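See structure below.
So that the names make sense, note that chain A is the first sequence line, chain B the second, and so on, each numbered from 1. Quick caveat, the model's predicted, so the values are computed rather than measured.
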There are 2 protein chains.
Amino acid sequence: MDADPDLFKAIGDATRRVILDELTEKDGQTLFEICGRLTMKHGLGSSRQAISQHLAVLEQAGLVHTRRQGRYKFHHIDTSPLRSIVERWPIHGEAPNP
Amino acid sequence: MDADPDLFKAIGDATRRVILDELTEKDGQTLFEICGRLTMKHGLGSSRQAISQHLAVLEQAGLVHTRRQGRYKFHHIDTSPLRSIVERWPIHGEAPNP
DNA sequence: TTGACAGGCAAGTCCCCACTTGCCTATAAC
DNA sequence: GTTATAGGCAAGTGGGGACTTGCCTGTCAA
């Protein structure tokens with residue numbers, strides 16, 4: 001029906017959006033690091049497995065890329081898939097040039 | 001938790017995205033007009049009530065504005081709420097200037 | 001005024017998805 | 001080797017949302 005449903009599904013969840021906020025503020029965090037931050041700063045008592053599943057959805061949507069290193073797995077944000085949204089439905093009066 | 005969950009909920013559904021596509025192609029359609037187009041061009045056999053509920057969600061998200069005229073109700077798309085998405089998670093290397 | 005047309009409202013059903021629970025694998029420190 | 005740490009896998013559960021069904025309101029033409 002349409003191009004990438006995974007993208008919209010990914011940003012459709014509030015917890016995943018907060019995860020993207022976290023990775024925007026500090027890129028390349030591990031799973032436990034993200035868990036800790038969500039609990040501390042945002043007060044959401046999500047379990048580790050919940051966050052792990054969220055990250056899997058974000059990765060499938062191409063919004064997060066992972067990099068393994070030893071027993072750590074670092075998560076990097078990639079916002080480029082979001083471009084397809086504003087390309088699909090052009091925003092009237094876009095991009096105030098700097 | 002975050003600003004406007006209604007926006008993400010609105011674009012989270014595939015049928016609603018097709019409705020936005022329809023209104024992008026031809027703005028100011030009525031409910032029955034949209035129903036007909038979705039059935040013809042996209043082959044989705046959604047009922048009138050279903051589309052009506054979808055339009056309500058889109059309107060609540062600010063993506064669609066309505067204008068009554070007699071017994072008709074015209075639906076107009078407004079993509080400006082989408083701007084908050086790319087502002088929240090800036091896209092690296094944005095806006096290729098024309 | 002009667003009928004057709006455009007749309008609204010509300011209750012009910014069904015299914016997807018977020019989250020949990022429990023256990024397992026692998027890397028690193030001791 | 002043993003223990004702790006970082007993460008993965010799979011089945012089960014519960015709630016929200018998409019969709020239906022049925023009926024009602026308002027507008028226009030005959």
Side-chain angles (χ1 to χ4, degrees), chain A residues 1-2 4-23 26 28-40 42-61 63-76, chain B residues 1-2 4-23 26 28-40 42-61 63-76:
Chain A
M1 178 184 298
D2 70 2
D4 31 25
D6 293 343
L7 171 63
F8 297 99
K9 176 189 169 186
I11 63 175
D13 183 81
T15 302
R16 285 194 284 267
R17 293 195 292 274
V18 175
I19 291 177
L20 290 180
D21 291 340
E22 256 324 302
L23 290 178
K26 179 168 186 260
Q29 299 188 55
T30 67
L31 172 59
F32 275 38
E33 216 171 338
I34 296 174
C35 285
R37 290 203 163 211
L38 290 199
T39 307
M40 298 299 160
H42 305 273
L44 6 148
S46 302
S47 70
R48 175 182 62 86
Q49 290 81 352
I51 305 295
S52 178
Q53 290 170 3
H54 281 309
L55 286 171
V57 174
L58 289 171
E59 186 173 9
Q60 189 177 342
L63 288 168
V64 163
H65 297 164
T66 59
R67 167 176 57 96
R68 272 223 105 116
Q69 182 173 342
R71 61 173 163 176
Y72 299 104
K73 187 178 183 184
F74 300 101
H75 300 266
H76 297 269
Chain B
M1 178 184 299
D2 70 1
D4 31 25
D6 293 343
L7 171 64
F8 298 98
K9 176 190 170 186
I11 63 175
D13 183 81
T15 302
R16 285 195 285 267
R17 294 196 290 273
V18 176
I19 292 178
L20 290 180
D21 291 340
E22 258 323 302
L23 291 179
K26 179 171 186 255
Q29 300 188 57
T30 67
L31 172 59
F32 274 39
E33 216 172 336
I34 297 174
C35 284
R37 290 203 163 210
L38 290 199
T39 307
M40 299 298 159
H42 304 273
L44 8 148
S46 302
S47 70
R48 175 183 61 85
Q49 291 80 352
I51 306 297
S52 177
Q53 289 170 5
H54 281 309
L55 286 170
V57 174
L58 289 171
E59 187 173 9
Q60 188 177 341
L63 288 168
V64 163
H65 297 164
T66 59
R67 167 175 58 96
R68 271 224 107 114
Q69 183 173 342
R71 59 175 164 176
Y72 298 103
K73 187 179 184 183
F74 300 101
H75 300 265
H76 296 268

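Comparing D:dT20, C:dA6, D:dA18 by their closest approach to the side chain of B:Phe32 singles out C:dA6. Counting only heavy atoms from C-beta on, A:Arg71 has its side chain closest to C:dT27 among C:dT27, D:dG8, C:dG7. In the set D:dA18, C:dT20, C:dA6, D:dA18 carries the atom at the smallest distance from any side-chain atom of B:His54.
In this structure, the CG atom of B:Leu55 is 18 Å from the P atom of D:dG17, given to the nearest Å. Counting to the nearest Å, the P atom of C:dC16 and the CG atom of A:Asp6 are 15 Å from each other. Distance CG (A:Asp13) to C1' (C:dC16): 13 Å, rounded to an integer number of Å. Atom pair B:Leu31:CG and C:dG8:C1' shows a separation of 10 Å (rounding to whole Å applied). Distance B:Ile51 CD1 to D:dC19 P: 8 Å, rounded to the nearest Å. Atoms CD (A:Gln53) and P (C:dC19) sit 8 Å apart, rounded to a whole Å. Whole-Å rounding puts the A:Ile19 CD1 to C:dC19 C1' distance at 13 Å. Taking atom CZ of residue A:Arg67 and atom C1' of nucleotide D:dG7, one finds them 16 Å apart after rounding to whole Å.
Nucleotides of DNA chain C nearest to A:Gly12 and A:Gln49 differ in position, and the one nearer the 5' end is that of A:Gly12.
In this structure, B:Thr30 and B:Phe74 have side chains that are in contact, with non-hydrogen atoms separated by less than 4.5 Å. The shortest distance between side-chain heavy atoms of A:Glu22 and A:Leu38 falls below 4.5 Å.
Over its length, the helix from C:dT1-D:dA30 to C:dC30-D:dG1 turns its helix axis by 20°, as judged from the five terminal pairs at each end, rounded to 10°.
At the phosphate of C:dT20, OP1 or OP2 sits under 4.0 Å from a side-chain N or O atom of A:Ser47. Neither OP1 nor OP2 of C:dG7 sits under 4.0 Å from any side-chain N or O of B:Ser52. For D:dA6, neither phosphate oxygen OP1 nor OP2 lies less than 4.0 angstrom from any side-chain nitrogen or oxygen of A:Thr30. The phosphate of D:dG8 has OP1 or OP2 within less than 4.0 Å of a side-chain N or O from A:Lys73.
Remark: of the listed residues B:Leu58, B:Val57, B:Leu63, B:Leu63 is the sole one forming a side-chain contact (heavy atoms from CB on, under 4.5 Å) with B:Ile11.
B:Lys9 and B:Arg16 get closest at one heavy-atom pair: O-NH2, 2.9 Å. A:Cys35 approaches A:Arg48 most closely through the heavy-atom pair SG-CA, 3.8 Å. The minimum heavy-atom distance linking A:Gln60 with A:Asp6 is given by the pair NE2-OD2, 3.4 Å.
Judged by distance alone, with hydrogens and angles left aside, A:Arg68 brings no side-chain donor or acceptor close enough to the base of D:dG7 to form a pair under 3.5 Å.
In this structure, A:His75 NE2 and A:Arg67 CZ are separated by 10.5 Å, a value rounded to the nearest 0.5 Å.
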